[in-house]
Amino acid sequence: MNEVEAKTPEEPRDFIRDIIRADLAEGRCDTVVTRFPPEPNGYLHIGHAKSICLNFGVAAEFAGRCHLRFDDTNPVKEEHEYIESIQADVRWLGFNWGKHLFFASDNFETLYDWACHLIRNGHAYVDDLSAEEIRAHRGTLTEPGKNSPFRDRTAEENLDLFSRMRAGEFPDGARVLRAKIDMASGNINLRDPVLYRILRATHPRTGDAWCIYPTYDFAHGQSDAIEGVTHSLCTLEFADHRPLYDWLIDNLPTSSRPRQYEFSRLNLTHTVLSKRRLTQLVQERHVTGWDDPRMPTLAGLRRRGVPPAAIRDFVHRIGLTKSDNLVEVAALEHCIREYLNQVAPRRMAVLRPLKVVIENYPEGQSEELEAVNNPADPDSGTRLVPFGREIYVDQADFMEDPPKKFFRLTPGREVRLRYAFFLTCREAVKNEAGEVVELRCTYDPETRGGNAPDGRKVKATIHWVSAAHALRAQVRVYDYLFARPDPGAQGDFLEDINPESLSVLQDCRLEPALGEARLGEAIQFEREGYFCLDPDSKTGHAVFNRTIALRDGWAKTQAKGGK
RNA sequence: UGGGGCGUAGCCAAGUGGUAAGGCAGCGGGUUUUGAUCCCGCGACCCCAGGUUCGAGUCCUGGCGCCCCAGCCA
């Protein structure tokens, strides 16, 4: 794979980096340690890329380190498949955690000890209330909660009960361990949050060794502390948890003091980035899988042909703040095009073939013409493209009765065949239905290579493929998965699914050089866009994905001026 | 009527008291054997209202608006 750095971006500047810089300058820490902490219950998406780039980026910039830690504290939702895919996706994005791979589950024993520590100090208690009762006691946003009747058990009794919870003496949900903080707090997270619950589920890593599992609040910050994380960076919805995060660190015998900072998560137009919704799209088969090229998952973007460097560039450009945001996909698309324009070799492919017979070209003859591989990359060289009496051009490049500003083929007009000859359309052949099925044309042998010795000009250059040499392929053209920029804003997000998000073009013709395309390699089909070979390809049956179309100024003027 | 966060151009986003960076999108123009790329040009008085100050997007006060929180999810 062509891995060219898209230009070295200047060091990002944002409030998190300002904080770190200050912490370093004032000696609050001497090495920066961050972590990317996914829960293995789904695939990573471009929103995660923001966090990954931040955490690994910051670590690299300040010569620290970044851990990959799985917050695997809820075995009912977590699976091995996700542990694998997450690692593959982070690596693909371009980051390396080295030996710093951790699992919150590795800390279960320590966490258990720490829970006992809390109990001994009167900071936690076993509650026999049911989930519903606990909810009822919690109060509301505006009314304080009520203390549980079990809140004042002795440390001895709590210790005994807690050890019996671990021993499996009670059924799921029968009891929980709660922090003893303040049922009247305005911050609901401080109203005696649950620290441990009884859950008989096989854990992907610890199997059936445990039947009690710590909650996020009692595992995340603790794991940070155990790993020596200095800056625990998370999204805004966890800001309310920070007082609890700090309270627990204050009351536990940790050897380090991590600090949590929050930033706003990424929102993108025409897409959804919540794990719940993405999981639903996959499970209900609205897409073919987590790696469906229409998905905003890293696996989907990869399969679609989006280069990781473009994603990193995008994340860098959108910045990092605490403001809610909705970034236009156009910004991402720009990064993809900009990168691909530099690295993608150019080839010719006709997506919607229209046969052209060049009447004055000798039958049975063919020749090879030299074509530049990438005008944007002088080192990419040239290749030979076969030419003959019958070629294919795209249906969109011919109009029998064109509007004023249409410069392509129309009866009587001369255009240039890219890297080949000037071609003049003489006649459009139609079928019984009145559809144009073939063009009868003539060419000018004097214009070989694409220039006329007499200096005459043409207003358009179109691409083509020799019929006799063409390869066939299926091309999948993607549009936004969601028609609305804000899916779900009007109700059920599923109703905003774009019914035309996938168009399969079955009978595309490719120039022979495309036979050597490698899986995932970015290629520009001239005048069309960037494409890559899909894993669904079989020998003799190529399948290409359109990563993204080229900007289309013609479509724009059409939309504007009408005819 | 509780707690937390946010409010600078259509969308992101700099700005940390001295008179509004940059990117994306859009629009106009130039170059061009991809109507692509590339190049040039065009846009804000900073949620509102008071106040402090010679001077405020930046400080103070009071409003308004938006987002998050009542999982034994993370």
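Just so it is clear, the values below take in all heavy atoms, side chains as well, and ignore hydrogens, waters and symmetry mates. Within every chain, numbering begins at 1; the chains are lettered A, B, ... in the order of the sequence lines, protein sequences first and strands thereafter.
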* Where protein sits on nucleotides 9-17 of chain B, one letter per nucleotide: B base, S sugar-phosphate only, - none, heavy atoms under 4.0 Å -> -BSSSS-B-
* Structure fact -> Going 5' to 3' through nucleotides 68-74 of chain B and flagging B where a protein heavy-atom sits under 4.0 Å of the base, S where only the sugar-phosphate is that close, and - otherwise, we get BBBSBSB
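Shown here are the side chain to side chain donor-acceptor pair (under 3.5 Å) partners of A:N325, two or more places apart in sequence or in another chain: A:S264. Under the side chain to side chain donor-acceptor pair (under 3.5 Å) criterion, A:S51 pairs with A:N55, not counting sequence neighbours. A:D552 pairs by the side chain to side chain contact (heavy atoms under 4.5 Å, CB included) definition with A:W554, A:A555, not counting sequence neighbours. For A:E328, there are no side chain to side chain donor-acceptor pair (under 3.5 Å) partners two or more places apart in sequence or in a different chain. Under the side chain to side chain donor-acceptor pair (under 3.5 Å) criterion, A:D324 pairs with no residue, sequence neighbours left out. Take A:D379 and apply the side chain to side chain contact (heavy atoms under 4.5 Å, CB included) test, not counting sequence neighbours, and it matches A:D377. Scored by the side chain to side chain contact (heavy atoms under 4.5 Å, CB included) test, A:F103 finds A:F70, A:D72, A:I83, A:L101, A:S105, A:D106, A:R205 as partners (sequence neighbours excluded). Residues passing the side chain to side chain contact (heavy atoms under 4.5 Å, CB included) test with A:R456, sequence neighbours excluded: A:E414, A:F422, A:D444, A:T447, A:A452, A:D454. Remark: A:Y196 engages A:F162, A:F218 in a ring pair (Phe, Tyr, Trp, His ring centres under 6.0 Å) (not counting sequence neighbours).
Counting distance only, with no hydrogens placed and no angle test, the side-chain atoms of A:R551 and the base atoms of B:U37 include no donor-acceptor pair under 3.5 Å. Evaluation of atom-type donor-acceptor distances gives no pair under 3.5 Å for the side chain of A:E338 against the base of B:U37.
A donor-acceptor contact closer than 3.5 angstrom links the side chains of A:D217 and A:H241.
Remark: the separation of the P atoms in B:G43 and B:A20 is 14 Å, to the nearest Å.
Under the 30°/60° scheme for interplanar angles, the aromatic rings of A:Y213 and A:H203 are found to lie parallel. A:Y480 and A:H270 have parallel rings, their planes meeting at less than 30° on a 0 to 90° scale where 60° marks the start of perpendicular.
Distance, A:Q524 CD to B:U34 P: 11 Å, rounded to whole Å.
For A:H334, a side-chain nitrogen or oxygen approaches OP1 or OP2 of B:C24 to under 4.0 Å. Between A:R242 and the phosphate of B:G4, there is no side-chain N or O to OP1/OP2 separation shorter than 4.0 Å.
Here B:C42 sits opposite B:G26 as a Watson-Crick or G-U wobble pair (both hydrogen-bonding atom distances under 3.5 Å). Nucleotide B:C64 forms a Watson-Crick or G-U wobble pair with B:G7, both donor-acceptor distances falling under 3.5 Å. In this structure, B:U1 makes no Watson-Crick or G-U wobble pair, since no nucleotide meets both defining distances under 3.5 angstrom. Remark: B:A21 base-pairs with no nucleotide; criterion is Watson-Crick or G-U wobble with both hydrogen-bond distances under 3.5 Å. Nucleotide B:A36 has no partner under the Watson-Crick or G-U criteria, as no pair reaches both atom distances under 3.5 Å.
Between A:G450 and A:L332, it is A:L332 whose nearest contact on RNA chain B lies nearer the 5' terminus.
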Where do N or O atoms of nucleotides 27-31 of chain B meet protein N or O atoms at under 3.5 Å, pair by pair?
from	atom 1	to	atom 2	distance (Å)
B:G28	OP2	A:K560	NZ	3.4

